[in-house]
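Worksheet for the structure shown next.
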Protein chains: 2
Amino acid sequence: METLTVEQIAERIWLSIAERRLRPGMRLKETELAEVFAVSRARVRQVLAMLERDGLVVIESHKGAVVAKPGVEDAKDIFHVRSAVEQRVLERLIGQLDAAKMVEMFEHVARERIANNSNNQREIIKLSGGFHVMLAEMAEAEFLCSLMRDLVSRTSLISAAFRDSNQHNCGPDEHELILLHLKNGDLQAAKKAMADHLEHVESALRLAQDREPPRSLRDALV
Amino acid sequence: METLTVEQIAERIWLSIAERRLRPGMRLKETELAEVFAVSRARVRQVLAMLERDGLVVIESHKGAVVAKPGVEDAKDIFHVRSAVEQRVLERLIGQLDAAKMVEMFEHVARERIANNSNNQREIIKLSGGFHVMLAEMAEAEFLCSLMRDLVSRTSLISAAFRDSNQHNCGPDEHELILLHLKNGDLQAAKKAMADHLEHVESALRLAQDREPPRSLRDALV
DNA sequence: GGTGCCATTATTGTTGACAATAATGTAGAC
DNA sequence: GTCTACATTATTGTCAACAATAATGGCACC
């Protein structure tokens, strides 16, 4: 059996969080993860460090890692920053588009639709986040790209923490609408569609109050 | 002698980059760093991973770490995102201010001025970047804070790469002006002052062309 | 019976040795 | 003399054992 790379393990954990199999506040013991993924603890440590930088887990010295538990304020801030960054991505993207990129983008949405129809939750999660990262990549701005990756992973966590059901909330139709406006070269319409899309995602959550039950006795008291 | 922590080493390296003692493209060998700071290679590795996430170094598999060499486009993008984020920080900050914070902020500027007068380059660099991070901290938004830290460190690198002399370019006067507007509760004026300040910093650089001489033969040819 | 203290255990943090990989230098063939 | 193939070296990647720390449970004492 091939040993998993750091990135592969990180993605697996990210997916588990997005699928709400790993809930905010849950502890991630190094030895446990090492056994599950059949790798050394050193590698698990790298993975956890990476997940921490993406805001998915928090690590306390000599205490270990737990899945991060974003508050309502965190969520609102991230959505606000994200909408600003997505606008910036579109601004840059409109000047960098060509036919090949356009095709690739529509193909991505097509894959989203297939996953949606077959109700493949894992693929749906990967692809709907991936759409926004792809836009940033095609804008060919290194920093925007890494920032978007960060924002998407944090959004996944927020979505997992505050969403009611296991249903995804980032459908292919709205993505396609953005692409259509881009294809027409209508930047303003694309930005509007993006803003609406993000607002739909945010409003699908219950950000009014912290509804999450505490994960442990400690959480209930602290 | 006390062994240095990961953060301390990272700061030392960051300072060296900001002071242009470490130039973009320079190689950072693990064993070398381990000797210099008298720590194990494992710790150096953690430091390098941290610096990579901050965009200060790039790590290639089996090749090692080199000081990042931002391009003009990178620089412009980072400044653009930064100005947007700084505006957001001020918006949040205006609602979170109290007398104690105000005092602390003016004290920070006072320290900047002292460092400026005594021409203590190291302190100047630390404090002028620290000013913006402090603002984000006082806005009490976790994500904005970590994002600002990231942006400030990337800005330091850009500044080191594109600035002509070793002179700093983020003086205390403009910082104080922002604080005065905040004290008066004039958000618009504060935002304007911040935008002007960032523009001054950016225009002090030579972003028109890549002036950096190549760091190695390879760079000159590739 | 409750409470504070100490021993035990579980978990993280650190280190040095070893393996894998890429860069460098060298010798031989043409 | 130049080029290619091979050996050497330098550097990074990986791991498993050890040390340090915090959580747990038991015991005496009040």
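Numbered from 1 within each chain, the chains take letters A, B, ... in sequence-line order.
Side chains of B:Arg82 and B:Thr155: a donor-acceptor N/O pair is present below 3.5 angstrom, by distance only.
DNA chain D is contacted by both A:Gln46 and A:Ser61; A:Gln46 maps to the nucleotide lying nearer its 5′ end (nearest heavy atom per residue).
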Distance-only donor-acceptor pairs under 3.5 Å for side chains of residues 42-53 of chain B, two or more places apart:
residue : atom : partner : partner atom : Å
B:Arg43 : NH1  : B:Leu4  : O            : 2.5
B:Arg45 : NH1  : B:Glu30 : OE2          : 2.8

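Atom CD1 of B:Ile59 is separated from atom C1' of D:dT11 by 14 Å (rounded to the nearest Å). Atoms CZ (B:Arg27) and P (D:dT11) sit 7 Å apart, rounded to a whole Å. Protein atom CD of B:Glu32 is 8 Å distant from nucleotide atom P of D:dT11, rounded to whole Å. Separating the NZ atom of B:Lys63 from the C1' atom of D:dA10 is a distance of 15 Å, rounded to the nearest angstrom. One can place CD of B:Glu52 at 14 Å from P of D:dT12, the figure rounded to the nearest angstrom. As a whole-Å value, the separation of B:Glu35 CD from D:dT12 C1' is 15 Å.
Panel note: side chain B:Arg41, backbone B:Thr31; no donor-acceptor pair is recorded below 3.5 Å. Using a distance-only test at 3.5 Å, with no hydrogens or angles considered, no donor-acceptor pair links the side chain of A:Glu35 to the main chain of A:Glu32.
Distance check: B:His108 NE2 to B:Met138 CE gives 9.5 Å after rounding to the nearest 0.5 Å.
Sorted by first and then second residue, the pairs that involve residues 123-135 of chain A and meet salt bridge (Lys or Arg N to Asp or Glu O under 4.0 Å), not counting sequence neighbours, are A:Glu11-A:Lys126, A:Glu123-A:Lys126.
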So which protein nitrogen or oxygen atoms get under 3.5 Å of nucleotides 15-20 of chain D's nitrogens or oxygens?
residue : atom : partner : partner atom : Å
D:dC15  : OP2  : A:Ser40 : OG           : 3.0

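Residue A:Lys29 places at least one side-chain N or O closer than 4.0 Å to OP1 or OP2 of C:dT11. A:Arg45 has no side-chain polar atom (N or O) that falls below the 4.0 Å cut-off from OP1 or OP2 of C:dT12.
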